[in-house]
Amino acid sequence: MSTFRLYNALTRQVELLEPSEQTDDGAPLLRFYCCGPTVYSYAHIGNFRTFLTADLIVRTAAALGWEVNYVSNVTDVGHLTEDDTADASGEDRMAKALKSKEGEQFANVWDLARHYTDALMADWQALNLREPTIRPRATEHVREQIRAVEALLENGHAYETEDGVYFHVPSFPDYGKLSGNTDIEELAVGAAAESRDVVVDVEKRDPRDFALWKKDDAHLMQWHSPFGWGFPGWHLECSVMAQKYLGETIDLHGGGEDLRFPHHECEIAQAEAITGKPFARHWSHTRFLQVEGKKMSKRDGNFLTLHDLTASVDNGGRSDWGAPVDPLALRLALISGHYGKPFNFTQAALKAAAKNIQRYRDADKAVQEALASNREGENNLEAPLADVYADALAAMCDDLNTPEALAAAYRGVNVILSQHRQEPLSGMAAQTAADFLNRINNLLGIVRHESPEGPSSNEDDEFAEYVESLLEQRTEARKAKDWPRADEIRAEIDALGVEVMDNPSGSTWRKKL
RNA sequence: GGCGCCGUGGCCGAGUGGCUAGGCAAGGGUCUGCAAAACCCUCUACAGCGGUUCGAUUCCGCUCGGCGCCUCCA
């Protein structure tokens, strides 16, 4: 039953994802590497769509009883902003960020990288993303990268020039097997470089050759190497770190669709030229998302970081996007489309997600209460919830069909709530429902936060206290049938962004969506 | 130009050779001091044109339209 099918970019078809090893306990062990971001700024929701895809792979594997060695890096070395990336010249992104307005607060590039790395981890947790087994940093693996360059020089796949060390693409006949960019492309590449008026290292032997090491003793981040002071090429860090932590051949390698070429193609070339073994057996890419029908861009005002959406307006959150948005709603919105298809992120979709999350919370709350009261009675949830969970897992195993998995999960929530409405859940039924919600949360991460400290704070507690006190006053007024006074207080509460709901059993409140 | 993806009801988005995905929005209703929430009901679509077929939204071809990558980008 434990078959997990996933699109493989290498073969261009949906294939069985097969761990090549087992743990000592006999569980399949998946070795998975997903390319992380360069920490020169806050990560945006597009970055997170990719990390979310990785997260869902990890969760689905875990649901099947697999162990996952999940490695996701942080690129804290500045690479390049200019078109001549292959030559690794030009200004790097970190240096550029340091000079920007936001960059003024940082003492240096190291400081800047640390700040944005911390921000990444906080956002990561807010979105309920599972922490990678290992999160290596490029700057902490420069030794290994230098050794890889040496190995490639020794076995003839690389050569040194005045400016750096390059990988010689023609020495690796498989180059292009992932992207389909083969020899025809070669001409286009040369042409492209010329038309862009880029200064190409004249010593490069082939236009496709890419930098393994860039000699530059003026660079803000530089290391000493046998080839002089400088810094490693961008593609090197991932293949080196993946192999260090996961072995020479890994089961699955993922990232954003833009990474397919040249980044992943170059990783393959470097890694396989050294080991002579396949680097990764399965490749997965997440498609870019669009925002309100357009590619995200700062100019169009639709460039969204997690911070833009989840921070309070006072704290820089974007009111035009309804900030602060519940991070779980954002998570749900971002996984409501298939990872391999273009996805249009819209305000309407975000609102719909928020509403659904509310419902998951309602169910969770009802179940917790029922669990506490432990009523006598039948358990008629077992069979329906088992079916629904099986549907959800099967959908995820079918190339991560999140829309279908979510539909199934929601069906389960509705079963629980409608059952509970007819007659409060028995202790046994509540236990079944709680197990279901836990499993759904493990699989999809949309029921509640998993991190020990949820995003709650003293501020929230104080706010809640204040609302409760107002609500008490209103209840008094209602008892006295002083309707104008009651409505007045409700208006006050309403102004705080809170809605009041009067039920037969009393009044409750919650933050408006 | 090269490679690839997609066009589903007001919106977002699965899926299938014949049997209502789902969500959100909207309209009507129940409930309610008024609201809100909740619940019930309604809304049957697959870009266009051909072809294959007993039958196509689903397969094939063409047309139109949108989008992505092709050394900045997840």
Side-chain angles (χ1 to χ4, degrees), chain A residues 9 12 34-38 40 43-54 79-88 90 92-93 96 179-182 184-185 187-189 191-193 196 198 207-208 210-211 234-235 254-263 265-266 285-290 293-297 332-333 336-338 340-356 358-359 362 395 398 401-411 414 417-418 421 478 481-484 486-487 490-491 494 499-504 507-510 512:
Chain A
R12 289 171 202 199
C34 180
C35 289
T38 302
Y40 64 104
H44 54 74
I45 59 171
N47 294 112
F48 282 109
R49 174 144 131 112
T50 296
F51 309 148
L52 240 6
T53 303
H79 293 290
L80 311 152
T81 57
E82 303 302 321
D83 285 338
D84 48 349
T85 304
D87 300 320
D92 83 50
R93 284 217 291 280
K96 195 177 171 190
S179 62
N181 289 343
T182 50
I184 301 167
E185 205 66 16
L187 300 166
V189 167
R196 283 173 197 178
V198 158
R208 293 172 301 172
F210 56 90
W234 171 41
H235 311 303
E257 65 168 317
D258 57 313
L259 263 29
R260 199 185 77 226
F261 185 86
H263 186 56
E265 198 74 74
C266 294
H285 298 104
T286 304
R287 286 213 57 160
F288 274 11
L289 63 71
Q290 294 181 272
K294 282 191 195 157
K295 179 164 174 162
M296 269 203 301
S297 85
L332 177 56
S336 67
H338 184 90
K341 279 189 180 168
F343 176 71
N344 189 13
F345 182 81
T346 62
Q347 302 220 16
L350 189 54
K351 250 190 131 173
K355 188 128 195 216
N356 282 7
Q358 189 64 254
R359 219 141 149 91
D362 287 348
D398 181 16
N401 190 337
T402 45
E404 245 191 63
L406 290 168
Y410 206 68
R411 236 181 291 137
N414 282 331
L417 285 174
S418 79
R421 208 180 310 119
R478 291 184 72 219
K481 293 204 194 298
D482 183 356
W483 309 127
D487 289 346
R490 184 168 57 204
D494 193 74
E499 63 189 337
V500 173
M501 291 156 300
D502 296 334
N503 300 303
S507 299
T508 56
W509 65 276
R510 70 183 180 202
K512 273 192 273 192

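Worth saying up front: this structure is predicted, and the values here are computed from it rather than measured.
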Q. Taking the C1' atom of each, how far is B:rU20 from B:rU52, in whole Å?
A. 28 Å
Q.
Pick the closest RNA chain B nucleotide for A:R411 and for A:N344 by heavy atoms, then say which residue is nearer the 5' end.
A. A:N344
Q: Any chance you could measure A:L332, atom CG, to A:K355, atom NZ, to the nearest 0.5 Å?
A: 14.0 Å
(Q) Between B:rC24 and B:rU32, how many Å separate the two P atoms, rounded to a whole number? (A) 25 Å
Q.
For a quick check, with a 4.0 angstrom heavy-atom cut-off, what is the B/S/- contact string for nucleotides 4-9 of chain B, read 5' to 3'?
A. BS----
**Q.** Span that lies between the C1' atom of B:rU8 and that of B:rG65, in whole angstrom
**A.** 15 Å
Q: From the options B:rG15, B:rC69, B:rG23, select the nucleotide whose nearest atom is closest to the side chain of A:E404.
A: B:rG15
**Q.** Check: A:G255 main-chain N/O paired with A:T50 side-chain donor or acceptor under 3.5 Å
**A.** no
Q. Looking only at atom P, what distance separates B:rC72 and B:rA14, rounded to whole Å?
A. 30 Å
Q.
Between B:rG66 and B:rG23, how far apart are the two C1' atoms, rounded to whole Å?
A. 24 Å
Q | For B:rC54, the Watson-Crick or wobble counterpart (both distances under 3.5 Å) | A | B:rG18
**Q.** Same-atom distance (P) from B:rU63 to B:rC3, integer angstrom
**A.** 16 Å
Q: Determine which nucleotide pairs with B:rA38, using a 3.5 Å limit on both distances of a Watson-Crick or G-U wobble pair.
A: B:rU30
Q | Nearest-nucleotide pick for A:F288, side chain only, options being B:rA35, B:rC24, B:rC73 | A | B:rC73
Q: Could you let me know what B:rG61 is paired to, Watson-Crick or G-U wobble, both distances under 3.5 Å, or none if it's on its own?
A: B:rC49
Q) Does A:N47 have a side-chain nitrogen or oxygen under 4.0 Å from the phosphate oxygens OP1 or OP2 of B:rC73? A) no
(Q) Quick check for you: among B:rA35, B:rA74, B:rG15, whose closest atom lies nearest to any side-chain atom of A:N401? (A) B:rG15
Q. Does the base of B:rG68 carry an N or O that pairs as donor and acceptor with the side chain of A:D258 under 3.5 Å?
A. no
Q) Got a donor-acceptor contact below 3.5 angstrom from the A:E257 side chain to the A:F288 backbone? A) yes
(Q) Assuming nearest nucleotide by heavy-atom distance, tell me which of A:F343 and A:L289 is located more 5' along RNA chain B. (A) A:F343
Q. Is a donor-acceptor contact shorter than 3.5 angstrom present between the side chain of A:K295 and the base of B:rC73?
A. yes
Q | OP1 or OP2 of B:rC24 under 4.0 Å from side-chain N/O of A:Y410 | A | yes
Q. What integer number of Å spans the P atoms of B:rC40 and B:rG22?
A. 13 Å
Q. Do A:F48 and the base of B:rA74 stack face to face, with centres under 5.5 Å apart and an angle between planes under 30°?
A. no
Q: Please state the C1' separation for the pair B:rA47 and B:rC64 - nearest whole angstrom.
A: 8 Å
Q: Would you check if the side chain of A:N47 reaches a backbone N or O of A:H44 as a donor-acceptor pair within less than 3.5 Å?
A: yes
Q: With a 3.5 angstrom cut-off on both distances, give the Watson-Crick or G-U wobble partner of B:rC69, or none if there isn't one.
A: B:rG2
Q.
By the 4.0 Å heavy-atom rule, please label A:A352 as base, sugar-phosphate, or nothing.
A. sugar-phosphate
Protein-nucleic acid N or O pairs under 3.5 Å, nucleotides 37-44 of chain B:
from, atom 1, to, atom 2, distance (Å)
B:rC39, OP1, A:R359, NH1, 3.1
B:rC39, OP1, A:R359, NH2, 2.8
B:rC39, OP1, A:R421, NH2, 3.3

Q: Identify whether any heavy atom of A:H338 sits under 4.0 Å from a base atom; if not, whether one sits that close to sugar-phosphate; answer base, sugar-phosphate or nothing.
A: sugar-phosphate
Q: Please determine, for B:rG10, whether a Watson-Crick or G-U wobble partner exists with both distances under 3.5 Å, and give it or none.
A: B:rC24
Q) Contact class for A:D487 (heavy atom, under 4.0 Å): base, sugar-phosphate, or nothing? A) base
Q) Counting any heavy atom closer than 4.0 Å, what does A:G46 reach on the DNA or RNA strands: base, sugar-phosphate only, or nothing? A) base
Q. How are the rings of A:W234 and A:H263 set to each other: parallel, tilted or perpendicular (split at 30° and 60°)?
A. parallel
(Q) Let me confirm one number: the OH-CZ distance from A:Y410 to A:R359, rounded to the nearest 0.5 Å. (A) 5.0 Å
Q) Are the side chain of A:R287 and the backbone N or O of A:F343 linked by a donor-acceptor pair below 3.5 Å? A) no
